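Have a look at the structure below before the remarks.
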Amino acid sequence: MTQYKSEFLNTLTERGYIHQCSDFGGLDALAAANKAVAYIGFDCTASSLHVGSLVQIMLLHWLQKTGNKPIVLMGGGTTRVGDPSGRDESRKILTLDDIEANKRGIQTVFDKFLKFGKGGTDAFMSDNAEWLTTLNYIEMLRDVGKHFSVNRMLAMDSVKMRLEREHELSFIEFNYMVLQAYDFTELARRYGCNLQMGGSDQWGNIVNGIDLGRRMGTHQLYALTSPLITLSSGAKMGKTASGAVWLNADMRSPYEYWQFWRNTEDADVGRFLKLFTILPMSEITKLEALGGAEINEAKKILANAATALLHGEAAAHEAAETARKTFEEGTSAAGLPTVVIDLSQPVGILPALVQAGLATSNGEAKRSIQGGAIKVNDVAVSDEKLTVSKSDLNSDGAIKLSMGKKKHVLIKPA
RNA sequence: GGGAGAGUGUCCCGAGUGGCAAAGGGGGGGGACUGUAAAUCCCCUGCUUUACGGCUUCGUAGGUUCGAGUCCUACCUCUCCCA
């Protein structure tokens, strides 16, 4: 198991974070001496990161935990360009204000996973807008552009795919990889960065950066990528009914986040425990051995641990308790999502469902009732003309609206 | 600039003869079975406070027609080929 000298690579290997590395030996030596300075780039296209970025965040977490220095690079500059990797549609180009707002939202998440500061292994955040926005085109062409072979760029998968699919690839997007490579060398020069990590789809871009670094005379750079995380059922990770699983609490509550992990497929539990929690491997091995219905215990531990990492122990506890009351006791729990509605007049069940966010239109609410999905205070509803009023308030002063087995909302009077 | 194609249910793919709320998938939601799992089976998946009613949908704007996703005109966007 101790295949490497460095704790960093050993941990990553046994937990399944590694897809490819440009030079295991070289990186191992660096990490063993606690001299790895690694960065991962994140977009600012939304005001929160989602579960899809969690593997990357965890990479930085372990990097720091094993005695090395993480850099979070915000793509404030590159977000204005758009990465063609893996997509065949151009990204939207955001305004500067949007980008700034998104950056602030994203920063809050990193505070949970990394220790920021000025010390040796303290993380810090950088933004490639710092150097990209002041670039001069002629100098850029002369100093950086001359190192890029268009022949090679055309051969890259991300580009090839766009060409083969007969989708347009604009020049601005074509330049994304140049900018990303340049980021790497710039971080190397400014901060002594020597490793870039990322998802496996970033391999080409990262390797380009190593190449550019060598040509521009930086120290040796390294690449490390993580596998693309998919569910056993083949679906992409992090997409659920209600859209992406956002990490920011204001976009997805701790309770919902907990539920996301609780509903993990059996086949994924072990893998996810390793990737998304910091539980010791010995404990994970035990949990992995659970079979049949017992695996639900492992799922709860996964949910607790993953939620605690992001939202803290207290929030995880509360979410677990809410879930326990709701699912195991079948009672209503105060921690469920709550919506305030004016109940001075009786409210029809249809608009109530819409306001509670359980349906997007009266029509949809009606169909749900016809499908037998709706319960008020745990009593099934068959009449779509039913109204709810103050007299339906339970002992906690709320009305529990349920759709299906998993979605519960408490309604409180205004 | 010339030529050839394409844009369909505001999640995606995709059929579509002048009678169309528009086939079929995927995805999603619900139900059954289970373990808040997977697989499987069944139902639902445009809006509208009852509706064999009304309204809104096929890139945009007009037109022909009793009636247009379907025909005509112009425009927009995208793709390919030739310059």
Side-chain angles (χ1 to χ4, degrees), chain A residues 86-90 92 161-170 173 230-245 255-273 287-288 290-304 306-307 319-333 335-337 345-376 378 380-388 401-409:
Chain A
R87 290 166 194 79
D88 47 23
E89 298 290 333
S90 298
K92 280 185 200 136
M161 186 180 72
R162 288 281 281 265
L163 295 176
E164 280 167 5
R165 281 190 170 197
E166 302 182 347
H167 264 290
E168 184 182 77
L169 173 66
S170 69
E173 292 170 272
T230 51
L231 304 182
S232 294
S233 55
K236 262 192 201 151
M237 163 115 201
K239 292 273 174 77
T240 66
S242 37
V245 179
Y255 169 74
E256 291 172 297
Y257 190 72
W258 194 94
Q259 284 296 321
F260 170 76
W261 294 106
R262 174 66 246 265
N263 287 312
T264 298
E265 294 170 24
D266 285 10
D268 292 324
V269 173
R271 202 157 47 103
F272 284 6
L273 279 166
L287 292 170
E288 270 185 303
L290 295 174
E294 286 187 329
I295 202 164
N296 280 323
E297 292 310 311
K299 290 185 190 180
K300 286 180 201 167
I301 292 169
L302 170 64
N304 284 337
T307 307
E321 186 57 15
T322 300
R324 195 183 62 77
K325 280 188 185 160
T326 306
F327 289 97
E328 293 178 21
E329 294 179 8
T331 59
S332 63
L336 291 172
Q345 300 288 320
V347 177
I349 183 71
L350 299 180
L353 285 167
V354 173
Q355 285 185 62
L358 293 175
T360 55
S361 67
N362 287 354
E364 190 182 318
K366 197 186 296 180
R367 274 181 243 118
S368 295
I369 290 177
Q370 285 162 358
I374 302 301
K375 286 179 186 167
V376 174
D378 299 310
V381 174
S382 55
D383 179 8
E384 58 203 47
K385 281 177 234 161
L386 184 82
T387 57
V388 293
L401 273 186
S402 310
M403 172 154 105
K405 286 178 212 156
K406 295 187 188 175
K407 292 184 196 156
H408 308 278
V409 173

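Reminder, nothing fancy here: chain letters follow the sequence lines and each chain counts from 1. These numbers come from a predicted model, not from an experiment.
The side chain to side chain donor-acceptor pair (under 3.5 Å) test applied to A/Asn304 returns A/Trp258, not counting sequence neighbours. Residues satisfying the salt bridge (charged side-chain N to carboxylate O under 4.0 Å, His left out) criterion with A/Glu297, sequence neighbours excluded, are A/Lys300. In this view, A/Ser402 and A/His408 satisfy the side chain to side chain donor-acceptor pair (under 3.5 Å) rule, not counting sequence neighbours. Residues satisfying the side-chain contact (heavy atoms from CB on, under 4.5 Å) test with A/Lys325, not counting sequence neighbours, are A/Glu321, A/Glu329, A/Thr331, A/Ala333. For A/Arg271, the salt bridge (charged side-chain N to carboxylate O under 4.0 Å, His left out) partners are A/Asp268, not counting sequence neighbours. By the side chain to side chain donor-acceptor pair (under 3.5 Å) test, A/Tyr257 pairs with A/Trp261, sequence neighbours left out.
Using the Watson-Crick or G-U wobble rule with both distances under 3.5 Å, B/U60 pairs with B/A74. Pairing partner, B/A15: none, since no Watson-Crick or wobble contact has both distances short of 3.5 Å. Across all strands shown, B/C41 forms a Watson-Crick or G-U wobble pair with B/G31, both key distances being under 3.5 Å. Taking a pair to require two hydrogen-bonding distances under 3.5 Å in either a Watson-Crick or a G-U wobble arrangement, B/C80 pairs with B/G3. Summarising the base pairing, B/A22 is matched to no nucleotide, lacking a Watson-Crick or G-U wobble pair whose two defining distances lie under 3.5 Å.
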Readout for nucleotides 30-36 of chain B: B = base within 4.0 Å of protein heavy atom, S = sugar-phosphate only, - = neither; 5' to 3' it is SSS-BBB
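Applying the salt bridge (charged side-chain N to carboxylate O under 4.0 Å, His left out) test to every pair with at least one member in residues 354-374 of chain A, sequence neighbours left out, gives no pairs at all.
The two atoms that bring A/Gly270 and A/Glu288 nearest to each other are CA-CG, 3.5 Å, heavy atoms only.
The distance between atom CD1 of A/Ile374 and atom C1' of B/C43, rounded to the nearest whole Å, is 15 Å.
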Give me, pair by pair, the N or O atoms of the protein and of nucleotides 48-50 of chain B that are less than 3.5 Å apart, along with how far apart they are.
unit_1: B/U48; atom_1: OP1; unit_2: A/Asn362; atom_2: N; d: 3.1
unit_1: B/U48; atom_1: OP2; unit_2: A/Gly363; atom_2: N; d: 2.8
unit_1: B/U49; atom_1: OP2; unit_2: A/Asn362; atom_2: ND2; d: 3.2

